[in-house]
*Asks:* 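Have a look at this one.
Atom set for the values below is all heavy atoms of this structure, side chains included, hydrogens, waters and symmetry mates excluded. If you read the sequence from its start, that first residue is 1, and numbering goes on from there.
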Amino acid sequence: LTGSPPQALVDDTEDVSLDFGSEEDLALRKAKIRHPLATFFHLFFRVSAIITYLFCDWFSNSFVACFVTILLLLSFDFWSVKNVTGRLLVGLHWWNQIDEDGKSHWVFEARRVPTVAASTEAEARIFWLGLIICPVIWAVFFFSTLFSLKLKWLALVIAGISLQTANLYGYIHCKLGGQKSISRVTSRFFVTADVPKRQTRRISEDPTEEHGKTGTR
């Protein structure tokens, strides 16, 4: 009789600790930013390109310097979003590959199983907001450039729209059809991997058949 209450107390404390841990993990997934550096650079290059475009006349009178600076920021943004921040913040990746026949194939990849370093809801929200809003801003710049007859900036605005819309288009495909593309790629891999096995089986079977024929002679 004296030993039963401590056992009940131990069980109660164990249950409370387990519940507290699950609530803490849920709170971390919703609120914590696990990749602060990737989140920062996801917005840094594209926001810097927009700010430089708006206020470049205040910093420099050289059109070439402003043009090159903005184009470099757009290029850095395209590369970082396509290759780094998409993988870390939302677990998506897209790329283009050329097969042996010279044909171009677009591959859209989506992470199926969440890992320990998976993205949080805050990171995913920041990723998609930055990915959608910035191309809309560049579209507004396009119409303002046409209406104000600043045609020298038109090529730069079109480059900004093209680079950022390409990332938006690729990640939308990853989100909607990434799992299908993964299954296709894996099926192709297993088919190509099975061909050498079949060839080795045929080679191994041919000597036995020849040996049997010579024996009958």
Side-chain angles (χ1 to χ4, degrees), residues 30-98 104-111 118-178 180-181:
K30 290 184 176 181
K32 186 177 179 181
I33 294 179
R34 298 183 180 180
H35 308 92
L37 192 62
T39 305
F40 171 77
F41 280 105
H42 176 70
L43 299 176
F44 173 75
F45 290 119
R46 52 184 51 212
V47 173
S48 298
I50 293 173
I51 294 174
T52 306
Y53 177 81
L54 290 174
F55 303 104
C56 62
D57 294 334
W58 294 8
F59 302 109
S60 175
N61 293 325
S62 175
F63 169 76
V64 177
C66 295
F67 188 95
V68 173
T69 302
I70 297 172
L71 190 61
L72 287 175
L73 290 172
L74 291 172
S75 301
F76 291 154
D77 171 72
F78 178 80
W79 184 88
S80 62
V81 173
K82 178 180 177 295
N83 297 304
V84 180
T85 61
R87 288 181 175 181
L88 296 177
L89 300 183
V90 290
L92 303 175
H93 181 54
W94 66 274
W95 73 95
N96 180 269
Q97 64 181 10
I98 300 175
S104 179
H105 299 279
W106 294 94
V107 182
F108 304 99
E109 185 179 59
R111 182 173 57 204
S119 60
T120 61
E121 294 180 3
E123 290 175 341
R125 192 177 297 110
I126 292 172
F127 177 84
W128 288 109
L129 286 176
L131 200 68
I132 295 172
I133 293 175
C134 290
V136 175
I137 295 175
W138 282 104
V140 174
F141 290 163
F142 175 78
F143 291 106
S144 65
T145 302
L146 288 179
F147 294 150
S148 60
L149 298 178
K150 295 180 179 179
L151 300 180
K152 63 179 182 179
W153 295 100
L154 190 61
L156 182 63
V157 174
I158 292 175
I161 294 174
S162 301
L163 291 175
Q164 297 199 355
T165 305
N167 265 327
L168 178 62
Y169 177 81
Y171 280 113
I172 288 176
H173 270 274
C174 291
K175 187 67 175 178
L176 298 179
K180 295 181 181 179
S181 62

*Asks:* Could you list all the salt bridge (Lys or Arg N to Asp or Glu O under 4.0 Å) pairs where at least one residue sits in residues 130-146, not counting sequence neighbours?
*Replies:* none
*Asks:* So, using side chain to side chain donor-acceptor pair (under 3.5 Å) as the criterion, who are the partners of Ser148 when residues are at least two apart?
*Replies:* none
*Asks:* With rounding to the nearest 0.5 Å, note down the distance linking CH2 in Trp94 to OH in Tyr171.
*Replies:* 8.0 Å
*Asks:* How close do Cys174 and Ala110 get, heavy atom to heavy atom, and via which atoms?
*Replies:* O-CB, 3.8 Å
*Asks:* Just how far is it from atom CD1 of Ile126 to atom CG of Leu89, taken to the nearest 0.5 Å?
*Replies:* 8.0 Å
*Asks:* More than 12 heavy atoms of other residues, nucleotides or ligands under 6.0 Å from CZ of Phe67: is that the case?
*Replies:* yes
*Asks:* As a quick check of understanding, evaluate side chain to side chain contact (heavy atoms under 4.5 Å, CB included) for Phe41 and Val84, giving each step before the final call.
*Replies:* CA-CA 10 Å; Phe41 280 105; Val84 180; over 6 Å; no
*Asks:* So, for Ala38 and Leu88, which heavy atoms are closest and what is the spacing to 0.1 Å?
*Replies:* CB-CD1, 3.8 Å
*Asks:* Evaluate whether atom CZ of Phe40 has more than 12 neighbouring non-hydrogen atoms of other residues, nucleotides or ligands under 6.0 angstrom away.
*Replies:* yes
*Asks:* Which residues pass the side chain to side chain contact (heavy atoms under 4.5 Å, CB included) test with Ser162, sequence neighbours left out?
*Replies:* Ile158
*Asks:* Can you tell me how far apart CD1 (Ile50) and CG (Leu43) are? Round to the nearest 0.5 Å.
*Replies:* 10.0 Å
*Asks:* Is the ring centre of Tyr53 less than 6.0 Å from the ring centre of Trp153?
*Replies:* yes
*Asks:* Mind checking what makes side chain to side chain donor-acceptor pair (under 3.5 Å) contact with Asn61, not counting sequence neighbours?
*Replies:* none
*Asks:* Would you list the pairs meeting side chain to side chain donor-acceptor pair (under 3.5 Å) in which at least one residue belongs to residues 38-52, sequence neighbours left out?
*Replies:* His42-Thr85, Arg46-Asp77
*Asks:* Sequence neighbours excluded, which residues qualify as side chain to side chain contact (heavy atoms under 4.5 Å, CB included) partners of Ala166?
*Replies:* Phe78
*Asks:* Any salt bridge (Lys or Arg N to Asp or Glu O under 4.0 Å) pairs touching residues 54-74, not counting sequence neighbours?
*Replies:* none
*Asks:* Taking all non-hydrogen atoms of both residues, which atom of Ser104 and which atom of Asn96 are closest, and how far apart?
*Replies:* OG-ND2, 2.6 Å
*Asks:* Among all residues two or more places apart in sequence or in another chain, which pass the side chain to side chain contact (heavy atoms under 4.5 Å, CB included) test with Trp95?
*Replies:* Lys82, His93, Gln97, Val107, Glu109
*Asks:* Between Leu71 and Ala159, what is the shortest heavy-atom contact and its length?
*Replies:* CD1-CB, 4.2 Å
*Asks:* Hey, could you give me the CG/CG distance between Leu163 and Leu73, rounded to the nearest 0.5 Å?
*Replies:* 12.0 Å
*Asks:* When rounded to the nearest 0.5 angstrom, what distance separates CD1 in Ile70 from CG in Leu54?
*Replies:* 8.5 Å
*Asks:* Scan the side chains in residues 127-144 for donor-acceptor partners under 3.5 Å anywhere in the protein, sequence neighbours excluded, and list what turns up.
*Replies:*
from: Ser144; atom 1: OG; to: Val140; atom 2: O; distance (Å): 3.3
from: Ser144; atom 1: OG; to: Phe141; atom 2: O; distance (Å): 2.8

*Asks:* If you take all heavy atoms of Thr145 and Val157, which pair is closest and at what distance?
*Replies:* OG1-CG2, 3.9 Å
*Asks:* Under the salt bridge (Lys or Arg N to Asp or Glu O under 4.0 Å) definition, can you give me all pairs with a residue in residues 142-160, not counting sequence neighbours?
*Replies:* none
*Asks:* First locate atom CD1 of Ile33, then atom CZ of Arg125, and finally report the distance between them rounded to the nearest 0.5 Å.
*Replies:* 10.0 Å
